[in-house]
Amino acid sequence: MNTVDLGSYQKVYNPGNLVRTIMWYFVNITIFQSGLPYPTFLKVWLLRFFGASVGSKVMVKPGIAIKYPWHLSIGNNVWLGEKVWIDNLAKIIIGNNVCISQGAYLMTGNHDYKKPSFDLIIAPIIIEDGVWVGARAVICPGAKLGTHSVITAGSVAVANTPQFTICQGNPAVPTRKRVIDHEAS
């Protein structure tokens with residue numbers, strides 16, 4: 001039987017320009033990950049400065065961790081809740097009118113458990129318009145969340161989700177249709 005040999009792991013990931021990466025590291029820990037309520041306009045400006053595409057009316061709460069803003073695209077009217085972790089080794093695209101609730105974890109990297117060297121695997125995440133990612137939900141590499149789908153609190157999306165569907169569990173599976181009632185508002 002073969003075994004894991006982490007000593008044979010070869011780091012192959014390169015996030016890009018080293019100076020930019022170091023600068024972002026300090027901005028991320030002092031402004032974004034801080035519990036202080038720095039204004040959203042400052043955070044949006046910094047994200048754009050470091051290469052993110054950010055739409056209008058974006059809300060960025062305190063305590064957020066973003067690995068590499070140059071791999072991030074955020075649409076209009078997006079809410080990023082407290083303690084959201086955007087671990088984007090690959091591109092993450094967030095559509096319009098998306099809510100990512102407190103403590104959600106979006107990860108684009110994982111490891112190949114079949115290889116003794118535990119090789120890094122990366123894949124993008126696409127979150128289409130109108131999606132709600134519930135508190136402490138996990139979105140795994142390669143997932144595409146269909147328009148207006150909901151990933152309930154604590155659920156783990158390991159694959160694509162259907163549009164206008166509520167998905168829950170680990171792994172998240174469709175449980176019912178999402179109906180948006182404009183008459184109720």
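Atom set for the values below is all heavy atoms of this structure, side chains included, hydrogens, waters and symmetry mates excluded. Counting begins at 1 with the first residue of the sequence.
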Q: For the atom pair CD1 (Ile100) and NZ (Lys61), what is the distance rounded to the nearest 0.5 Å?
A: 14.5 Å
Q: Can you confirm whether Thr152 sits close enough to Ile166 that some side-chain heavy atom of one is under 4.5 Å from a side-chain heavy atom of the other?
A: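 Yes, their side chains come closer than 4.5 Å.
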Q: Taking all atoms of both residues into account, what is the closest heavy-atom pair of Pro124 and Ala90, and its distance?
A: N-CB, 3.8 Å
Q: Ignoring hydrogens, what is the shortest heavy-atom contact between Ala137 and Ile151? Give both atom names and the distance.
A: CB-CG2, 4.0 Å
Q: How long is the span from the CD1 atom in Ile92 to the CD1 atom in Ile86, to the nearest 0.5 Å?
A: 6.0 Å
Q: So do the side chains of Val156 and Pro171 get within less than 4.5 Å of each other, counting heavy atoms only?
A: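 Val156 vs Pro171: side chains apart.
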Q: Any donor-acceptor pair under 3.5 Å linking the side chain of Glu128 with the backbone of Thr147?
A: yes
Q: Are any non-hydrogen side-chain atoms of Met107 and Lys67 less than 4.5 angstrom apart?
A: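 No, every pair of side-chain atoms sits at 4.5 Å or beyond.
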Q: Ile94 versus Leu72: any side-chain heavy-atom pair under 4.5 Å?
A: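 With C-beta onward as the side chain, the pair touches.
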Q: Is the number of heavy atoms from other residues, nucleotides or ligands under 6.0 Å of Lys91 NZ greater than 12?
A: yes
Q: Within the supplied structure, the quantity of interest is the number of heavy atoms (other residues, nucleotides, ligands) at a distance under 6.0 Å from Arg20 CZ; does it exceed 12?
A: yes
Q: For Ile121, is there any backbone N or O sitting under 3.5 Å from a side-chain donor or acceptor partner on Asn110?
A: no
Q: Cluster question for you: counting only ILVMFWY and a side-chain heavy-atom cut-off of under 4.5 Å, with indirect links fine, are Ile127 and Trp132 together?
A: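 They do not share one cluster, since no chain of ILVMFWY contacts under 4.5 Å joins Ile127 to Trp132.
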Q: Considering only heavy atoms from C-beta outward, does the side chain of Pro141 approach that of Ile122 to under 4.5 Å?
A: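 Heavy-atom side-chain distance check fails, nothing below 4.5 Å.
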Q: If the plane angle is over 60° it's perpendicular, under 30° parallel, otherwise tilted; pick one for His111 and Tyr9.
A: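 Answer is perpendicular, since the angle exceeds 60°.
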Q: Between Thr165 and Lys177, is there a side-chain heavy-atom distance shorter than 4.5 Å?
A: yes
Q: Atom CD1 in Ile126, atom CD1 in Ile93: separation rounded to 0.5 Å?
A: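 Those atoms lie 5.0 Å apart.
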Q: Asn14 side chain to Gly16 main-chain N or O, any donor-acceptor pair under 3.5 Å?
A: yes
Q: Looking at every non-hydrogen atom in both residues, tell me the closest pair between Ser101 and Ala135 and how far apart they are.
A: CB-N, 3.4 Å
Q: Parallel, tilted or perpendicular: which one describes the rings of Trp24 and Phe32, with boundaries at 30° and 60°?
A: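 Ring orientation of Trp24 relative to Phe32: tilted.
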Q: What pair of heavy atoms forms the shortest contact from Ala157 to Leu145, and how long is it?
A: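 Answer, listing the atom of Ala157 first, then Leu145: CB-CD2, 4.0 Å.
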Q: Do the side chains of Val131 and Trp85 join up, straight or via other hydrophobic residues, at under 4.5 Å, putting them in one cluster?
A: no
Q: Is it the case that one hydrophobic cluster holds both Val84 and Leu89, taking links as side-chain heavy atoms less than 4.5 Å apart, direct or via other members?
A: yes
Q: Let me confirm one number: the CG-CD1 distance from Asn17 to Ile22, rounded to the nearest 0.5 Å.
A: 9.0 Å
Q: Counting neighbours of NZ on Lys83 that are heavy atoms of other residues, nucleotides or ligands and sit closer than 6.0 Å, is the number greater than 12?
A: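 No, the 6.0 Å shell around NZ holds no more than 12 heavy atoms from other groups.
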Q: Could you tell me if the side chain of Val4 sits less than 4.5 Å from the side chain of Tyr113, heavy atoms only?
A: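 No - every pair of side-chain heavy atoms lies 4.5 Å or more apart.
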Q: Using only heavy-atom distances, determine whether the side chains of Asn77 and Asn97 contain a donor-acceptor pair under 3.5 Å.
A: yes
Q: What I'd like to find out is whether the side chain of Thr21 reaches to under 4.5 Å of the side chain of Trp70, using heavy atoms alone.
A: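 When only atoms from C-beta onward are counted, Trp70 and Thr21 do touch, with a gap below 4.5 Å.
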Q: To the closest 0.5 Å, what do you measure between CD1 (Ile31) and OH (Tyr38)?
A: 4.0 Å
Q: Please determine whether residues Val60 and Val54 belong to a single hydrophobic cluster, defined as Ile, Leu, Val, Met, Phe, Trp and Tyr linked transitively by side-chain heavy-atom distances below 4.5 Å.
A: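 Yes, Val60 connects to Val54 through the hydrophobic network.
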Q: Are Leu47 and Leu42 linked, directly or through intermediate hydrophobic residues, by side-chain heavy-atom contacts shorter than 4.5 Å (ILVMFWY only)?
A: yes
Q: Tell me the closest heavy-atom pair linking Pro62 and Pro37, and the distance in Å.
A: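 It is CG-CA, 4.1 Å.
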Q: Taking the side chain from Asn76 and the backbone from Asn96, do they hold a donor-acceptor pair closer than 3.5 Å?
A: no
Q: I need the minimum non-hydrogen distance between Gly142 and Asn160, along with the two atoms involved.
A: O-OD1, 3.7 Å
Q: Are the side chain of Asn28 and the backbone of Ile66 linked by a donor-acceptor contact shorter than 3.5 Å?
A: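 Present.
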Q: Rounded to the nearest 0.5 Å, what separation is found between the OG atom of Ser73 and the CG atom of Asn88?
A: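 That separation rounds to 11.0 Å.
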Q: Are the aromatic rings of Phe41 and Trp45 close, with centres under 6.0 Å apart?
A: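 Ring centres of Trp45 and Phe41 not closer than 6.0 Å.
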